[in-house]
Asker: 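Below you will find the structure I want to go over with you.
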Amino acid sequence: MYTTYSKNNGPPIVKKNIIVGSWILWIIFFGFFAAILYPLRESLQPTEFCNWLQATLPNGFMGLIAILRHWTFSLFYIMSELWGSVCLSLLFWGFANDITRVSESKRFYNLFGLGANFSLYFAGTFIIWASNMRRSAVDAIDPWQTSLNWLMGMVVISGFAILAIYWWINRYVLTDSRFYDQTAQKALKKDKPKLSLGQSLKYLVTSRYMGLIAILVIAYGVSINLVEVTWKSQLKLQYPNPNDYSAFMGNFSRVTGVATILMMFFVTGNVVRKLGWKIAALVTPVVLMITGAGFFSFMLFGRETEGFVAALGTTPLMLAVIFGMAQNIMSKSAKYSLFDPTKEMAYIPLDQEQKVKGKAAVDVVGARLGKSGGSLIQQMLILGLGSIGAMTPYVGIILFVVISAWILAVIALDKRFKAAIVKKESEESAKAGASGEETSASSVSSTKQGKPVTT
């Protein structure tokens, strides 16, 4: 596909092949899962081996045994998670950073974010439609298989559409010097250091300012992971039928997309401009704490509220699901509209070296310790306590501690952020004054020599 292109006509051929190969790998897997792995799931399960493990190992290993027993679904979940991390975050944003000029980024990156959230609405609508296909399925057909075929079919079609667009950009856009200056882009890449995990940790420990930014990123990843796993366990109890569960998640995606778009249009600039950086940065952890408190309260004290809840015409489980949904929607909307912009603003008063090294370090450490940290905490609790229900009180306590540390980090960073802004402004004023004095001295010298002075 790319052998006719030289390295001077666009991004390196090797990188093109890596991107294309990665996309094709995921496209093949999702199609293979719907066509082969799901229909043959029961015959592929190591039932006898898992029964032996369950009888031999302590109850805390039941979760790990279940992952092994249902390895086809576990693999699907892993690939789905990696789809977001590798294909969307790494490949898409890496490609966008490679081909977008700095002068264009302010205009297009916001459009990329809006496009991603518009897609949530349309994807949610399609998920609801596909989940309701069970109504037209005959009794001899697995209703979820029908819905799964439609969903994975759309994933495969979308994947090939992405490959076609990627080919078109490489063929007609990146070969045109009006749109892509490879020499300038290579110069920018040389200035960006590639830090290892150890180097990133060392840099964040030695730089208090960057360490505080890293705390914000890690705290968000841990917090959303702690709540999301517990919420989805309750959601599964409320919607045991996979089609009902899928339809609910479709509505969840639609509402998340709409809420995020509205916040990006009407909230982001107004909050930062009118209330300042600190208040804008505190919105996300405060929202997480309030909604998380409501969610875990219903999880822990649902039985005591059964009479009151019944009078409302619902159940404690459904209220827990609603609080968890509200928490996820509000926290993700706040992340895209306030958390990400305020985090990027924190880099503005730093010098170029700090910006480049700091971003690289925060991206490496934050991305790896966010989700993995929350997952590790929950895995240790499950191994020690045996079930998600038993670990719920401890998860609530840990969540409160993590968000409290997040809030304290915002307050501490705000002080350093303001001091850095003052320092930068004073340095710029001093440079402007020195430049003015040099210009004035040059003008006087030119006048004494009889040379005309131009301004």
Side-chain angles (χ1 to χ4, degrees), residues 29-30 32-85 131 134 141-145 147-148 151-152 221-222 224-246 248-249 295-296 298-300 302-303 315-318 320-321 324 368-399:
F29 172 79
F30 287 123
F32 183 75
F33 178 83
I36 305 296
L37 292 182
Y38 180 79
L40 300 178
R41 62 193 182 281
E42 294 183 359
S43 60
L44 294 174
Q45 291 176 358
T47 305
E48 294 183 3
F49 177 66
C50 291
N51 289 339
W52 175 80
L53 288 177
Q54 192 166 341
T56 305
L57 299 176
N59 290 335
F61 287 88
M62 290 182 63
L64 291 176
I65 296 172
I67 291 174
L68 178 60
R69 183 189 301 274
H70 306 285
W71 68 269
T72 54
F73 295 104
S74 303
L75 181 61
F76 180 82
Y77 181 82
I78 292 171
M79 293 295 285
S80 299
E81 287 289 306
L82 289 175
W83 170 276
S85 300
S131 300
R134 71 187 188 278
I141 299 176
D142 182 0
W144 177 240
Q145 174 75 71
S147 301
L148 186 65
L151 292 171
M152 294 303 100
V222 172
I224 197 65
N225 187 265
L226 290 176
V227 177
E228 198 171 57
V229 171
T230 310
W231 172 60
K232 286 185 177 179
S233 70
Q234 298 299 299
L235 187 60
K236 185 64 178 177
L237 295 175
Q238 180 66 32
Y239 299 103
N241 183 282
N243 274 297
D244 294 337
Y245 182 94
S246 179
F248 179 89
M249 293 305 294
F295 172 65
F296 282 101
F298 275 102
M299 287 280 293
L300 298 174
R303 292 184 178 180
T315 63
L317 177 60
M318 188 62 196
V321 168
R368 297 188 185 187
L369 295 186
K371 272 193 172 183
S372 59
S375 300
L376 180 61
I377 291 171
Q378 292 180 92
Q379 189 60 51
M380 292 175 63
L381 290 174
I382 290 176
L383 289 175
L385 302 172
S387 67
I388 293 178
M391 75 175 189
T392 299
Y394 302 96
V395 172
I397 294 171
I398 294 172
L399 178 68

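All values reported here derive from a predicted model rather than from experimental measurement.
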Asker: To the nearest 0.5 Å, how far apart are CD in Q234 and CG in L237?
Answerer: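 If I round to the nearest 0.5 Å, the distance is 5.5 Å.
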Asker: So, does W71 use its side chain to make a donor-acceptor pair with the main chain of L44 at under 3.5 Å?
Answerer: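 Yes.
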Asker: So which of I398, V227, I377 actually passes side chain to side chain contact (heavy atoms under 4.5 Å, CB included) with V222?
Answerer: I377
Asker: Is the side chain of T72 donor-acceptor paired with the backbone N or O of L37 at a distance under 3.5 Å, no angle test?
Answerer: no
Asker: Measuring from S74:OG to M79:CE, what's the distance to the nearest 0.5 Å?
Answerer: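 Reported to 0.5 Å precision, the distance equals 13.5 Å.
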Asker: Working to the nearest 0.5 Å, report the span between OH of Y245 and NZ of K232.
Answerer: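 Separation between the atoms: 5.0 Å.
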Asker: Decide side chain to side chain contact (heavy atoms under 4.5 Å, CB included) for N51 and R69; before the verdict, give the C-alpha distance in whole Å, the side-chain angles of both, and the deciding distance to 0.1 Å.
Answerer: CA-CA 9 Å; N51 289 339; R69 183 189 301 274; 3.1 Å; yes
Asker: Contact between Q145 and P39 at the side-chain level, heavy atoms closer than 4.5 Å - yes or no?
Answerer: yes
Asker: Could you tell me the separation between the CD1 atom of I78 and the CZ atom of F73, rounded to the nearest 0.5 Å?
Answerer: 13.5 Å
Asker: Roughly how far apart are L75 CG and I67 CD1, rounded to 0.5 Å?
Answerer: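 Answer rounded to 0.5 Å: 12.0 Å.
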Asker: Is a side-chain donor or acceptor of S246 paired with a backbone partner of P242 at a separation under 3.5 angstrom?
Answerer: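 Judged by distance alone, no pair lies under 3.5 Å.
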Asker: If we check side chain to side chain contact (heavy atoms under 4.5 Å, CB included) with Y38, which of these qualifies: F32, F33, F76?
Answerer: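 The single option meeting the side chain to side chain contact (heavy atoms under 4.5 Å, CB included) with Y38 is F33.
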Asker: Apply side chain to side chain contact (heavy atoms under 4.5 Å, CB included) to the pair L235 and M249, showing each step before the final yes or no.
Answerer: CA-CA 10 Å; L235 187 60; M249 293 305 294; 3.5 Å; yes
Asker: Which heavy-atom pair separates L68 from L53 by the least distance, and what is that distance?
Answerer: CD2-CD1, 3.8 Å
Asker: Which distance, rounded to the nearest 0.5 Å, do you find between the CZ of F29 and the CD1 of I36?
Answerer: 12.5 Å
Asker: If you count heavy atoms of other groups shown closer than 6.0 angstrom to OH of Y394, is the number above 12?
Answerer: no
Asker: Sub-3.5 Å donor-acceptor pair from the side chain of E228 to the main-chain atoms of G324, do we have one?
Answerer: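 Flag not set: sc E228 to bb G324 has no pair under 3.5 Å.
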